[in-house]
Amino acid sequence: MRSLSLLLLATLPVVAASQQQPHHKPAAQPQVLAPGYSALEFPAPAPGTYDLPPLGKAANGALLDSTGAAVSLHDLYDGKTIVLSFIYTSCPDVNGCPLASFVLGQVQKRLEKDELTASQVRLVSVSFDPANDSPDIMADYGKHFRRGDIDWRFLTAESETSLSPILDNYDQAVIRDRGPDGKALSTMSHILRVYLIDADKRIRNIYSPSYLHPDILYADIRTVMQGDES
Amino acid sequence: MKNKKFSRLTATWMAASLALLCSAAANADETCMSPYMAKIVGQEDFVYVWTLGVEGLGDEQDKLVTIDVRPDADTYGQVVNALSVGGRNEAHHSGLTDDRRFLWASGLDTSKIFIFDVHSDPGKPKLVRTIDDFVEKSGGVVGPHTNYALPGRMMLTGLSNSADHGGRTALVEYTNAGDYVTTHWMPTDDNLQGAVKSGNFADGYGYDVRVLPRRNVMITSSFTGWNNYMMNLGTLMADAEAMQRFGNTVVVWNLHTRKPQKIFDVPGSPLELRCAWGPHNNYCFTSTALTSKIWLIYEDDAGEWQAKAVADIGDASLIPLPVDISISADDQQLWVNTWNDGKTRLFDISDPHAPVQVMEEKIGAQINMVSQSWDGERVYYTSSLLANWDKVEAAEGEDLQYFKAYNWKDGALEHTFTVDFLAAKLGTPHQMRFGAYSLYGQ
């Protein structure tokens, strides 16, 4: 499934471009790709011109990094502006986990051109499928996305049991899909959520597919950082 | 469960976005939900009806009533659960969180908000939290009305304020867990907050809220304050001064920054807002209660947002009083209920600038809410408007307080069943929301 997701990502700009149509089409038509794959259809907000009120504390939790070493989320959060994404590597929904990793990849590109911001930002992708996403799998997955020196961590959990409280604390509902015979499938149903967390470990924004876009996310990162500085 | 195909809590960004890869996943369900929300496709299992308690009837309390709408279930058409919340609050509207695990239901009088778990057992919701400090936390907002899902949070509209209980009010954000986040006051003549006042009014009133994320737009409408909505309707209509205190505005906001952009004159209290689903249909509809018109709020070819009246609803001189509206998933039809004459009307909106009424049918002595399935094949109605505005008697053969289910087939409504809320001693039924086991992998 991972190869399918990556293949789709490679074709996205072409598909996205075909979505551009005039306004006021008379009937609703299926839309294939989330807005995050295309150019933003409206001006991105100017960083620092709006508020992102805190949405509560970002919870701690024990995870494994892509070498298998134990890490805590709060250790990773400490003093950094965090973009946190829950994914699983075999996710087949182009508007699900692949969208999140695509958008974080686009943010990474912007960070590459902005060293000062990059030094204060950490991207974190956490698998909610520890049974299939081992540290090795996460390391392999990360190779497809991480570029240069950008700080992007790919984490998984020791077990579903150890992961469960983290998902609960982040209000991230995940359901293992089952076939007609009741047997577990490799796919999972979930609401895609990406979290922006400030240097004080407070959630400052939550994104889902309709509104997850690299231009928006980057403006929010800089808005949060400006607030921290002031 | 045969012939049922539901969505799960899969990542949806719009109603029709899932078909590409997730064959087991869904398109969408009821058409007035937030575009951020997980969707049902096909047959819904339950309808949750937020119901006003009535003095002298049953336990007299507001309650969440669960009705089984599975055609092949033994309990089809029956009330399978009624969860009372203790006291009466002027139960009004309700809304699901973006993951559809919780239903928020609010009271216009007490400003309490009740949060129900609808995912653990969709046939038996549980009350898990009551927010009873909404007024204090929000800085004086009264009458939480619309409970609207945004990513990981809820946006609530207010109808009033604690300073004078008039119509000036605000939007209030909460986390999905029920923790207060912030308040956004509506723009007024005193403080336009940078918005353009395009007409004569900047009244600061509120009612409904909807969003078009792809255009970064949030839209609000306007009703009236606590002093009016808690007043007896006959007394209110005889009070010329009070009748002046209804909202006359729709406001277009920047969704991301939550800043008001443009205030439109929409005279006569624009109520429900319903936005088109088509990915390039950048418009929403509202109806005006007192002037009986359909208004179109739309982005013009120059990218500027505009508002204009596009159709009459019945004979305005007879005060049909348009209430709830419901847009079809293909943006071709709009159901419009008129409370006073108990009729539902269907408009062809294939040209959103020129809606045409194509049918009307009397449903009961009075009618308020309408909800349709995403495929448009089932339509549900409830009757109650406000405790002090509802009719107290019906003509022979007319139902007064009801939940009614219909199939919409071959251009006609086919009645399937009715729950008489007075006979069942439940109260008076208002907002409806759908539930389904398969949303939660059950």
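Numbered from 1 within each chain, the chains take letters A, B, ... in sequence-line order. What you see is a predicted model, and the numbers here were worked out from it, not measured in a lab.
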Salt bridge A:Asp171-B:Arg101, side-chain N to carboxylate O under 4.0 Å: yes
Close side-chain approach of B:Leu255 to A:Tyr211, heavy-atom, < 4.5 Å: yes
Atom CZ of A:Arg110 with >12 non-hydrogen neighbours under 6.0 angstrom: yes
Max heavy-atom pair count under 4.5 Å with chain B, selected residue of A:Pro54, A:Gly56, A:Pro45: A:Pro45
Spacing of A:Lys57 atom NZ and B:Asp179 atom CG [to the nearest 0.5 Å]: 14.0 Å
Atom NZ of A:Lys201: over 12 foreign heavy atoms under 6.0 Å: yes
Heavy-atom contact with chain A under 4.5 Å, split by part of B:Asn216: both
Atom NZ of B:Lys126: over 12 foreign heavy atoms under 6.0 Å: no
Nearest heavy-atom neighbours spanning B:Arg215 and A:Phe42: C-CD2, 3.9 Å
A:Asp220 versus chain B, the contacting section by heavy-atom distance below 4.5 Å: side chain
Considering all heavy atoms, the nearest B:Leu439-A:Ile175 contact: O-CD1, 3.8 Å
Heavy atoms of other groups near B:Lys308 NZ, more than 12 under 6.0 Å: yes
Heavy-atom donor-acceptor pair, B:Arg214 side chain to A:Ser210 backbone, under 3.5 Å: no
Check against side-chain contact (heavy atoms from CB on, under 4.5 Å), A:Asp51 and B:His184: CA-CA 11 Å; A:Asp51 297 323; B:His184 312 280; over 6 Å; no
Under 4.5 Å from a heavy atom of chain A, the part of B:Arg153 involved: side chain
Approximate separation, where rounding is to 0.5 Å, of A:Leu52 CG and B:Arg258 CZ: 8.5 Å
Toward chain A, the part of B:Thr257 with a non-hydrogen atom under 4.5 Å: both
Nearest atoms (heavy-atom pairs only) where B:Pro151 meets A:Ile206: CB-O, 3.4 Å
Gap between atom OH of A:Tyr50 and atom NZ of B:Lys259 - 0.5 Å precision: 10.5 Å
